[in-house]
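Reviewing the structure listed below.
In what follows, residues are counted from 1 in the order of the sequence shown. All ligand and atom numbering here is 1-based and tracks the order in the structure. All values below were derived from every heavy atom in this structure, side-chain atoms included, with hydrogens, water molecules and symmetry-related copies excluded.
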Amino acid sequence: MEPRLKARQDCGKCLINQDVYERIKGKVLTAPERVNKRGMKPCLFGKGGTCCNVCHMGPCQIIEGVEEMRGVCGATASTVAARNFCRMVAAGTATHSDHGRGIAEAFYSVVHNEAEDFEIKEKAKLRMVAHYLGLDRKKPIKELAKEVAVKALEEFGKQHGRLAFLSRAPEKRQEKWRELGVESRGVDREVVELIHRTTVGVDQDYRSLLKASIRCALADGWGGSMLATELQDILFGIPQPIKSVVNLGVLKEDMVNITVHGHEPEVAEALAIAAQLPEMIKEAQKVGAKGINLAGICCTGNEVLMRRGIPIAGSFVQQEIALATGAVEAMVVDVQCIMQNVTTVAEAYHTAIITTSDKAKIEGAIHIAFDHHKPIESAKNILREAIARFPKRDKKDVYIPKKKMDVVAGFSHETILYMLGGRFRASYKPLNKNIINGRILGVAAIVGCDNFRVKEKLHIEIAKELIANNVLVVVTGCAASAIGRDGLLSPDALDLAGESYREVLEAIGCPPVLHMGSCVDNSRILIALTEMVHTGGLGDDIDELPVVGSAPEWMSEKAIAIGNYFVGSGTTVVFGPTFPTENSKIATNYLREDFNQMFGASWRIARNASEFVSIMIDHIRKKRENLGIDKPKPRVLYDMAMRRALGAPTISPFHGLGCFGPTHLRVEPEEQTQ
Ligand code: BF8
């Protein structure tokens with residue numbers, strides 16, 4: 001039967017695993033098909049930020065400059081676009097920060113002996129974090145850990161003063177924040193205040209709203225996200241370069257396959273430990289499986305990839321098709337980015353969707369609440385549910401595509417220090433030196449989501465062109481998985497790097513694109529940038545560095561919060577192909593021009609890969625010029641044919657490369673004991 005509504009949009013994402021999509025077509029409706037079949041494009045007013053629904057006289061559609069098309073209350077397009085932008089920042093900050101709070105609570109339980117199974121893995125990092133929380137880092141570890149747990153939790157509810165980790169930023173940046181009055185107080189306070197400002201009849205000046213959005217976003221980057229990353233590292237280990245594999249081909253026909261999906265690593269860490277227990281392997285063998293195979297989806301996947309080398313089955317856009325392989329016994333989810341449709345797809349197979357957080361239940365899923373006082377016991381219960389599904393798998397219905405790609409992940413800022421400087425002189429000096437001498441043009445981050453509405457493979461195209469132009473590229477989130485799928489996280493991709501960048505990479509033996517972790521791990525990039533400033537030679541503040549950020553396929557509110565804290569911290573970011581304030585030129589211009597005046601960095605918009613790369617490289621070049629280190633080389637321009645010709649590197653073992661696991665990070669050995 002012909003669809004009632006005519007398809008108006010194409011989705012390019014089904015091409016990633018088209019063979020699997022073909023098999024479920026007509027069986028279950030999935031996101032790519034919904035993009036095609038919805039019959040309506042995204043609402044123009046909503047998409048560009050000028051649909052106001054903060055009260056019930058509306059929703060009002062606003063057109064900038066048209067008097068009759070202001071809101072019923074008179075709200076202008078700039079106010080409404082700024083309000084909506086602020087709400088996204090507040091939501092993004094809340095998600096990362098509530099994740100951070102969850103980890104802080106788990107940490108509290110561990111150090112107060114209220115939780116079994118986990119322990120402090122990184123004592124030196126604990127001392128460093130204690131120092132920045134204003135504690136005496138020399139105290140005995142057990143006592144200090146308890147104080148850190150309390151202090152970390154207090155950061156969320158603090159009412160006055162400023163967030164402790166803001167003091168980690170370069171001094172000049174801190175002064176700027178002070179002068180502008182955007183130092184974040186407590187995380188919760190900033191989120192609550194920003195939401196308050198955006199309600200009907202409160203803050204009705206786009207300038208005041210947008211400036212306030214920075215105060216909230218900084219509470220994400222230098223607050224909730226940074227606390228999450230640091231406490232996770234202390235509990236579960238600082239990532240070190242590690243080999244693994246990405247894409248659906250990591251699922252195994254003869255094993256119980258469990259995908260871990262969401263964002264918080266606690267559940268996945270417990271599952272990883274429990275899945276290795278002989279008793280659990282025996283239980284799996286009893287039902288005819290060889291063992292238990294864990295594979296990641298989204299940022300939970302990135303967390304356990306970074307620390308344990310657990311393979312990634314897929315990014316955000318692959319969550320449904322991972323189930324459609326018919327080979328997944330359970331998809332275990334925690335919080336964020338879990339599409340409601342996973343239960344619909346799972347119903348067509350033998351798969352259980354298991355929710356574990358009391359904050360995130362899904363109709364049609366099984367709920368097994370994860371008890372962070374008893375992580376392994378909780379994990380065993382989850383594993384048993386999955387194991388029980390294995391005999392129900394319909395072998396005729398199983399299709400695991402062969403596609404997978406080798407990757408090296410695990411580039412925390414500590415390991416980058418080690419890799420660049422070596423064991424005895426761990427520092428960013430070699431990086432700064434190579435930027436100053438022009439071997440490396442600058443640093444670019446490609447972060448954030450992948451998006452069913454974006455047809456092109458923007459991440460890959462942008463990354464290829466940047467590395468060909470000698471730009472060091474760091475990645476996080478689903479962008480990292482997408483780039484991994486196409487081989488750029490492998491040292492085998494060195495050939496795609498520009499000549500001088502390749503020389504640097506060959507000397508240290510690492511891939512041209514560095515995977516720095518999940519989305520909360522964007523805070524690692526903030527610290528890396530600060531380290532570059534402190535190392536010297538590239539200015540006194542982050543906004544002087546030849547660096548730039550991007551989120552080419554962003555879709556989540558979290559991405560907007562991340563972009564905003566980077567801008568507030570002095571890094572220009574390029575987003576696209578759409579942007580949430582676009583219907584108000586006034587608000588959008590403020591984010592670009594006025595933010596640039598205030599923070600030395602701005603929001604930029606690009607529509608396609610070429611625009612992204614142009615803006616990013618021009619920005620890096622401008623910063624180099626300002627620093628007086630510019631030796632212009634012609635940009636290598638890529639058209640589509642050239643990009644295709646570049647292809648993807650083939651899989652091969654990583655023989656003879658030097659980036660697989662520093663034995664020592666920059667710690668004082670005596671601090672590890674006590
Ligand atoms: O926090 S990149 S789709 S999984 S929101 Fe979600 Fe976007 Fe993926 Fe990670 Ni970040």
Side-chain angles (χ1 to χ4, degrees), residues 11 13 16 31-32 88-100 102-103 217 220-221 224-226 228-229 232 246 259-265 267-268 295-306 312-322 331-342 357 359-360 409 445-454 458-460 462-463 474-485 489 515-525 549-566 573 575-576 578 580:
C11 172
K13 297 304 173 212
I16 296 170
M88 296 179 93
V89 170
T93 303
T95 49
H96 291 141
S97 300
D98 209 37
H99 166 171
I103 291 296
D220 178 350
S225 280
M226 199 172 279
T229 296
Q232 285 165 187
V246 299
T259 56
V260 286
H261 178 10
H263 283 78
E264 298 177 350
V267 180
I297 306 263
C298 284
C299 281
T300 296
N302 283 321
E303 295 282 358
V304 285
L305 167 77
M306 291 282 285
I312 295 241
S315 58
F316 176 78
V317 297
Q318 289 174 292
Q319 56 188 290
E320 293 167 310
I321 42 167
M331 176 177 272
V332 183
V333 306
D334 47 74
V335 292
Q336 301 166 27
C337 298
I338 301 135
M339 285 165 42
Q340 186 165 355
N341 207 43
V342 290
S357 165
K359 291 175 208 161
I446 305 177
V447 310
C449 325
D450 41 14
N451 182 331
F452 288 106
R453 295 272 190 196
V454 178
L458 286 181
H459 299 119
I460 319 301
I462 295 166
V474 297
V475 291
T476 59
C478 290
S481 306
I483 283 169
R485 276 197 302 269
L489 300 184
H515 189 336
M516 289 190 78
S518 65
C519 282
V520 293
D521 290 341
N522 283 310
S523 60
R524 295 190 199 279
I525 301 177
S550 69
E553 296 195 21
W554 78 278
M555 63 88 199
S556 160
E557 292 156 321
K558 290 181 282 178
I560 295 296
I562 292 168
N564 216 35
Y565 71 64
F566 271 108
V573 297
F575 271 48
T578 58

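Under a 4.0 angstrom heavy-atom cut-off, Met555 registers as being in contact with ligand 1.
Distances below 4.0 Å separate heavy atoms of Cys519 from the following atoms of ligand 1: 1 (O), 2 (S), 9 (Fe), 10 (Ni). Counting the atoms of ligand 1 from 1 in the order shown, those under 4.0 Å from a heavy atom of Ser556 are 5 (S). Counting the atoms of ligand 1 from 1 in the order shown, those under 4.0 Å from a heavy atom of Cys478 are 2 (S), 3 (S), 4 (S), 8 (Fe). The ligand atoms of ligand 1 that sit less than 4.0 angstrom from a heavy atom of Phe316 are 3 (S). Short contacts between ligand 1 and Gly448, defined as distances under 4.0 Å to a heavy atom of the residue, involve ligand atoms 2 (S).
Among protein heavy atoms, atom 4 (S) of ligand 1 sits closest to His263 NE2, 3.2 Å.
In summary, no N, O or S atom of Cys337 is located under 2.8 Å from atom 10 (Ni) of ligand 1. None of the N, O or S atoms belonging to Cys299 lies under 2.8 Å away from atom 6 (Fe) of ligand 1. Residue Cys298 does not count as close to atom 7 (Fe) of ligand 1, with no N, O or S atom under 2.8 Å.
Proximity of a side-chain donor or acceptor of Asp521 to a complementary backbone N or O of Ser518 within less than 3.5 Å is detected. Put simply, the side chain of Asn451 gets close to the backbone of Trp554: a donor and an acceptor are under 3.5 Å apart. Between the side chain of Glu264 and the backbone N or O of Thr300, no donor-acceptor pair lies under 3.5 Å. In terms of modelled atom types and a separation under 3.5 Å, the side chain of Ser481 and the main chain of Val246 share no donor-acceptor contact.
Two residues are said to be in side-chain contact when any heavy atoms from C-beta on lie closer than 4.5 Å; Arg485 and Ile460 fail this criterion. Asn522 has its side chain within reach of Tyr565: a pair of non-hydrogen atoms, C-beta onward, lies under 4.5 Å apart.
At a threshold of 4.0 Å, the pair Asp98-Lys359 counts as salt-bridged, since one of the basic side-chain nitrogens sits closer than that to a carboxylate oxygen.
Residue contacts with ligand 1 for Cys449 involve both N, CA, C or O and side-chain atoms from C-beta outward (heavy atoms, distance under 4.0 Å).
Residue His263 is tested with Glu303, His96, Lys558, His99 for a side chain to side chain donor-acceptor pair (under 3.5 Å); the sole match is Lys558.
Of the polar atoms of Asp450, none of the N or O atoms is found under 3.5 Å from an N or O of ligand 1, judged by distance alone.
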